[in-house]
**Student:** 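The structure is given below, and queries will be raised subsequently.
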Amino acid sequence: VQLQASGGGLVPPGGSLRLSCVVSGVTVSRFAIAWYRQDLGKQREWVATVTSGGARGYADSVKGRFTISRDNAKNTVDLQMNSLKLEDTAVYYCHTQRFATNYWGQGTLVTVSS
């Protein structure tokens, strides 16, 4: 199982970015795929999940601003981030779990700065 995240970059407050996670080894429509983030000196925190059934969940801190979506044909999961805030700055990771084993992508850096 491999996950590869991309799309990070530098964006001013209020701006938008779209992250993408390319998944191989599992079919995204059969497994929950999540996004997490980790800022320097802080613990990794959950951001959003799309379940195998298509249900979506969001952390309170991003609800209403971020949207997780799944493309079954491409086997990818994207994270659309709007109205970005300084506190959204972090390395973003995509994640899945199979047979109790956790799989993480390599992370993509999002920096929100003026």
**Student:** Answer with yes or no after comparing the ring centroid distance for Trp104 and Tyr36 against a 6.0 Å cut-off, counting only values under it.
**Tutor:**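 They qualify: ring centres under 6.0 Å apart.
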**Student:** Contact between Trp35 and Cys94 at the side-chain level, heavy atoms closer than 4.5 Å - yes or no?
**Tutor:**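 They are in side-chain contact.
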**Student:** Any sub-3.5 Å donor-acceptor pair from Thr27's side-chain atoms to Ser29's backbone N or O?
**Tutor:** no
**Student:** Establish whether Tyr92 and Leu10 are linked, either directly or via other cluster members, by ILVMFWY side-chain heavy-atom contacts under 4.5 Å.
**Tutor:**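 Unlinked, Tyr92 and Leu10 end up in two clusters.
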**Student:** Main chain of Ile68, side chain of Tyr58: is a donor-acceptor contact present, judged purely on distance under 3.5 Å?
**Tutor:** yes
**Student:** For Gln4, does the CD atom have more than 12 heavy-atom neighbours from other residues, nucleotides or ligands under 6.0 Å away?
**Tutor:** no
**Student:** Rounded to the nearest 0.5 Å, what separates atom OG in Ser69 from atom CD in Gln80?
**Tutor:** 8.0 Å
**Student:** Report the residues that fulfil salt bridge (Lys or Arg N to Asp or Glu O under 4.0 Å) with Arg65, sequence neighbours left out, ordered by chain and then residue number.
**Tutor:**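 By the salt bridge (Lys or Arg N to Asp or Glu O under 4.0 Å) rule, Arg65 matches Asp88.
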**Student:** Test your reading of the model: is there a side-chain donor-acceptor pair from Asn75 to the backbone of Val23, 3.5 Å cut-off?
**Tutor:**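 Yes; at least one donor-acceptor contact below 3.5 Å.
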**Student:** For the CZ atom of Arg56 and the CZ atom of Arg70, what is their distance to the nearest 0.5 Å?
**Tutor:** 8.5 Å
**Student:** Tell me whether Ile33 shares a hydrophobic cluster with Val1, the cluster being built from Ile, Leu, Val, Met, Phe, Trp, Tyr side chains joined at under 4.5 Å.
**Tutor:**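 The answer is yes; both residues are in one hydrophobic cluster.
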**Student:** Between Asn102 (side chain only) and Gln97 (backbone N and O only), is there a donor and an acceptor less than 3.5 Å apart?
**Tutor:** no
**Student:** Would you say Asp71's side chain and Lys74's backbone share a donor-acceptor pair under 3.5 angstrom?
**Tutor:**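 It does hold such a pair.
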**Student:** Rounded at 0.5 Å granularity, tell me how far CZ in Phe66 sits from CG in Leu79.
**Tutor:**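 So the CZ of Phe66 and the CG of Leu79 are separated by 6.0 Å.
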**Student:** Are the side chain of Gln43 and the backbone of Gln38 linked by a donor-acceptor contact shorter than 3.5 Å?
**Tutor:** no
**Student:** I'd like to check Pro12 versus Ser114 (side-chain heavy atoms, cut-off strictly below 4.5 Å). Are they in contact?
**Tutor:** no
**Student:** Report yes if some heavy atom in the side chain of Trp46 is under 4.5 Å from a heavy atom in the side chain of Thr49; otherwise report no.
**Tutor:** yes
**Student:** First locate atom OG of Ser6, then atom CG of Asp78, and finally report the distance between them rounded to the nearest 0.5 Å.
**Tutor:**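 Result: 8.0 Å between the selected atoms.
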**Student:** What distance separates Arg98 CZ from Tyr103 OH, expressed to the nearest 0.5 Å?
**Tutor:**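 Going from CZ on Arg98 over to OH on Tyr103, the span is 7.0 Å.
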**Student:** Is the charged tip of Arg37 near the ring of Tyr93: under 6.0 Å from the six-membered ring centre and within 45° of its axis?
**Tutor:** no
**Student:** Quick one: do Val112 and Val91 end up in the same hydrophobic cluster if we chain Ile, Leu, Val, Met, Phe, Trp and Tyr together by side-chain heavy atoms under 4.5 Å apart?
**Tutor:**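 Hydrophobic grouping puts Val112 apart from Val91.
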**Student:** Between Thr108 (side chain) and Gly8 (backbone), is there a donor-acceptor pair under 3.5 Å?
**Tutor:**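 Between the backbone of Gly8 and the side chain of Thr108 there is a qualifying donor-acceptor contact (under 3.5 Å).
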**Student:** Working to the nearest 0.5 Å, report the span between CG of Asp39 and CD of Glu45.
**Tutor:** 8.5 Å
**Student:** Using every non-hydrogen atom in the two residues, find where Pro13 and Leu86 come nearest and quote the distance to one decimal.
**Tutor:** CG-CD2, 3.8 Å
**Student:** Is it true that Leu3 and Val22 fall in one hydrophobic cluster, defined by side-chain heavy atoms closer than 4.5 Å?
**Tutor:** no
**Student:** For atom CD of Glu87, decide whether the heavy atoms of other residues, nucleotides or ligands shown that lie under 6.0 angstrom number more than 12.
**Tutor:** yes
**Student:** Between Thr76 (side chain) and Cys21 (backbone), is there a donor-acceptor pair under 3.5 Å?
**Tutor:** no
**Student:** Counting neighbours of CD on Gln2 that are heavy atoms of other residues, nucleotides or ligands and sit closer than 6.0 Å, is the number greater than 12?
**Tutor:** no
